[in-house]
Every structure is written in C-alpha cells, then in structure tokens.
Amino acid sequence: MDRYEPVIGLEVHAQLKTKTKAFCGCSTRFGDAPNKNTCPVCLGLPGALPVLNRKAVELAVRASLALQARIHERSRFARKNYFYPDLPKGYQISMYELPLATGGSLDIEIEGRAKKKIGITRLHMEEDAAKNLHEGFPDSDKWSYIDFNRGGVPLVEIVSEPDIRTPSEAYQYLNTLKQVLEYTDVSDCNMEEGSLRCDANVSVRPRGETKFGTKVEVKNLNSFRYLSHALEFEIERQVGVLESGGSVTQETRLWNVAGGRTESMRSKEFAHDYRYFPDPDLLPVMVMEPLVAEVRRGMPELPAAKVARFVGAYGIAAYDAGVLTAESALADYFEAVMRAGAGAKVASSWISVELLRRLKDAGKDIGDCPVEPAALAGLLKKVEGGEITAASGKKVFEKMFETGKSAEEIIASEGLAQISDAGSIEMVARQVVTKSPENVAKYKSGNEGVFKFFVGQVMKETRGQANPQIVNEILKRVLAEA
Ligand SMILES: [Zn+2]
C-alpha cells in the first residue's frame with residue numbers, strides 16, 4: 001500500500017434551499033405524501049414548458065462566490081439524455097458545455113493545523129430525478145414505485161479537481177464544503193434526506209508517478225462513514241489488482257453498505273453517451289454584474305472568517321473558535337450569550353463542553369436548545385461573580401436544560417446559593433478543626449498536605465456551597481489559632 005498514492009476527486013450534489021422546484025412552482029418539501037408535489041412540468045408531460053427559478057440561480061451564485069469560483073456571464077442548460085423510470089422526459093436538465101462557474105477552491109484543514117487548497121473544477125445547476133421505491137409496499141416483491149416529489153428539485157453539482165490524496169482528506173473536504181453550504185444557506189445539507197450526496201473518482205498510481213491511473217467512479221457515498229469506508233476499500237482493491245499484475249477497468253461501482261465493499265455497477269459511461277445538446281425550451285442564463293453584486297452583499301460571514309474574528313474579538317483560542325463555529329447556529333448562540341454579558345472564556349468553555357454534551361445526550365440540535373442564550377449568560381454571571389460555585393453551576397445548568405427554568409428559580413428552590421458569609425463558614429471551620437486534633441498536630445508539624453483535608457471537610461459540611469477562597473482564608477486563620 002505504501003508504494004501507491006491514491007488520487008481522489010469528489011462530485012457533490014447539494015439540494016438548493018428553495019421553496020419551489022427548479023422549473024415549476026411545485027413545493028420542494030421533504031416527507032409529503034408520494035406524488036403530492038407534481039405538475040405537468042415535473043412529470044415531464046408533453047407540451048409542458050420549464051421556467052427557471054430565480055432563487056435557485058441566486059443560491060448557485062452564492063455557492064460559487066463562497067468557493068471563489070469564476071461565475072460566467074452566460075451559461076446554458078443542456079439536456080442529458082438517458083432513459084430511466086425516474087426520469088419521464090427521457091433527459092435530465094443539467095449544464096454541460098457552459099456551466100455556471102469554474103475554477104474555484106476550498107481550503108481544508110488536515111492533521112490539525114495545516115491547510116491544503118483543493119481546486120474546484122466546476123459548479124453547475126441541474127434538476128434532480130424522481131425516486132424509485134423498491135421496498136416498503138405489500139407487493140414490493142412484484143412492483144417498484146416511483147415518487148415524483150423529488151423530480152425537478154434544484155441541485156448544484158460541485159466537482160473537485162483530483163487534488164485529494166487520502167480518505168481523511170476526502171472526509172475533510174466534504175465536511176468543509178458542507179459547512180460552507182450550510183453557512184451560506186445554499187443547502188440544508190441534510191444527508192439523511194438526501195440533500196447532500198457524494199460520488200468519488202478514485203485511482204491509484206505508484207508513488208512518484210505523475211500520470212494518473214485509470215479511474216473508477218464510486219457512487220452512493222451518502223454519509224461520511226460510507227465515504228471513508230468505500231474509499232479505503234476501493235484504494236485497497238485497486239492496489240490489489242495492480243499488484244497481481246492486472247489493470248484497473250474504468251467503470252462505475254456502487255458502495256454496497258451491507259457487504260462493506262464496492263461492486264461493479266456498469267461500464268463507465270462517457271459524455272458522448274448522453275448526447276448532450278442545449279435545451280431549446282430554456283434561454284441561456286445571463287448572470288450579470290448587478291446580480292452578482294446583490295448576492296455578494298447578502299453573503300453571510302464564512303466559517304474561516306468567523307474563526308479569525310472570534311480569536312481576535314473575544315480572545316479565545318483558535319481551537320475553541322473552531323468548535324464554536326462548526327455550525328453557524330452555534331456561533332450565533334455564543335454571540336448571543338456574549339451580548340447578554342457573559343465573559344468570553346467562560347462562555348466558550350461552557351458552551352463547547354457542558355452545552356454540547358447535553359445536546360448530544362438529548363439528541364437535540366442547537367436550534368432546539370431548551371436554554372436561551374440570555375438564561376445561560378445569567379447563570380455564567382452568577383458563577384463568575386461567585387454567587388454559586390462552578391460545581392453548583394453545573395447542577396443548575398442540568399436543571400435549566402431539563403426544565404427550561406431560569407438560574408434564579410433553580411438556585412432558590414434547590415438552596416444552591418454559594419455561602420460567602422464569613423461568620424457561618426468560620427463556625428463550620430471551627431467545628432471541623434475541633435473534631436480532628438491529630439490532623440491539626442500534623443499541620444502544625446509542617447504537613448501542608450493535610451490542609452486539603454480540612455478544606456474538603458468544610459466543603460462537605462456546606463454541601464459544596466461555600467466560597468472556596470473564603471474557606472481557605474478562614475481555615476488558615478483558625479488553624480493558626482488552634
Ligand atoms: Zn411541478
């Protein structure tokens with residue numbers, strides 16, 4: 001394996017976040033009853049004419065800008081001809097010779113800090129096909145069903161250069177791309193619902209060789225896990241073929257999830273097999289400078305810029321900024337907590353540790369977090385101000401998360417307010433010291449370690465609610481007097 005170098009390029013399809021389909025007014029809503037959202041256009045009935053969705057173009061332009069690709073003033077929809085039951089027109093409307101944008105790039109982070117630039121060959125728009133359903137009906141052994149709700153939904157296809165060298169780089173690329181598309185609101189990137197899908201072109205070559213080996217297209221890599229497993233399998237398979245003296249066949253293979261292997265699906269089709277030609281029903285797409293400028297103005301801050309700003313403005317570490325900006329909704333939450341007056345370091349650590357852990361355990365997203373940013377800020381201010389200890393704070397937070405109540409209510413009802421009253425702490429300290437004359441003797445003879453024992457006893461008597469700093473001061477004085 002070490003003598004070979006894998007060469008990988010990814011083709012990612014992302015569903016654009018529009019309310020209606022690419023060329024008709026049907027809803028794109030996921031999960032509706034089969035064939036509810038259809039009309040003559042997306043059913044491909046004779047005589048129906050497509051009309052391009054402006055919002056879809058704007059989102060595709062936005063994706064192109066985020067990937068620093070060159071947007072072409074004039075692009076054109078073409079017909080990609082093939083027959084399949086989920087494609088009643090006999091062709092898919094896609095872009096071929098004149099794609100919307102070309103020549104972009106995406107920086108990915110590999111092994112911690114290092115950055116690598118992955119080239120983007122092209123970005124084009126197309127419509128999705130319908131969905132064949134082979135399972136789930138009483139007579140599924142005899143019939144297949146077709147749900148046309150997905151037919152005609154707008155997609156962008158983003159094709160990378162063959163710049164990726166390992167399965168983990170491929171993972172990082174898809175992850176970073178997903179993050180950019182989510183941030184810019186181009187796509188919801190919901191992989192379970194098929195809004196983000198990935199195919200890979202994979203080849204191997206002896207290390208040091210500059211020519212590419214024969215590539216195989218691997219389809220159906222629709223989760224991060226499948227992507228990693230399928231690439232690892234396919235690379236090993238190709239090396240095996242070459243090592244045994246054979247040659248790799250150019251073909252399309254399918255990732256078989258249950259079998260954990262790629263399987264030959266069909267011999268590779270070439271572009272000429274599709275008989276592409278410009279779609280005569282659609283005018284060329286003209287994306288002029290005013291539209292690009294308008295989209296650019298509405299462009300949200302991108303993840304890399306946000307990380308840099310968090311480090312600069314809030315003084316938090318780059319790693320923490322990376323955790324907080326993984327999702328734009330999480331970054332917004334953090335900033336709302338900051339606006340409500342919490343300190344940056346404490347907010348950063350509570351959100352990235354306590355909050356994310358509780359969300360994960362509850363199977364929730366930040367979007368349905370039961371603790372409002374202002375409520376968390378309220379709690380953090382109490383911890384920072386010494387009204388409650390950090391340990392009690394965590395208990396309060398747990399209750400806030402479960403009940404949605406405010407910190408004040410929980411602290412009052414649970415009696416968790418920190419004891420800072422010197423008089424009552426001193427009383428407890430004296431009791432503790434009186435009870436352990438032998439430890440007092442050890443302390444007097446210079447055993448500093450035993451001091452911790454006394455602190456522990458005072459904390460135990462006060463159920464962890466005594467202010468630790470005051471406990472320290474008082475204990476030192478009481479022990480000196482003992
Ligand atoms: Zn329709």
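When a ligand or atom number is given, it counts from 1 through the structure's own listing order.
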Protein N, O or S atoms under 2.8 Å from the Zn ion (ligand 1): 4
With no hydrogens and no angle check, do the side chains of N149 and D32 hold a donor and an acceptor under 3.5 Å apart? no
Take the angle between the ring planes of Y274 and Y82 and call it parallel below 30°, perpendicular above 60°, tilted in between. perpendicular
Scan K89, Q92, K21 and name whichever one has a side chain to side chain donor-acceptor pair (under 3.5 Å) with E127. K89
By ring-ring contact (aromatic ring centres under 6.0 Å, His included) - contacts of Y96 (at least two apart): Y276
For residues 279-293, which side-chain donor-acceptor pairs fall under 3.5 Å, sequence neighbours excluded?
unit_1 : atom_1 : unit_2 : atom_2 : d
D279   : OD1    : R79    : NE     : 3.4
D279   : OD1    : R79    : NH2    : 3.4
D279   : OD1    : D281   : N      : 2.7
D279   : OD2    : R79    : NE     : 3.2
D281   : OD2    : R79    : NH2    : 3.1

F212: ring-ring contact (aromatic ring centres under 6.0 Å, His included) partners, not counting sequence neighbours: none
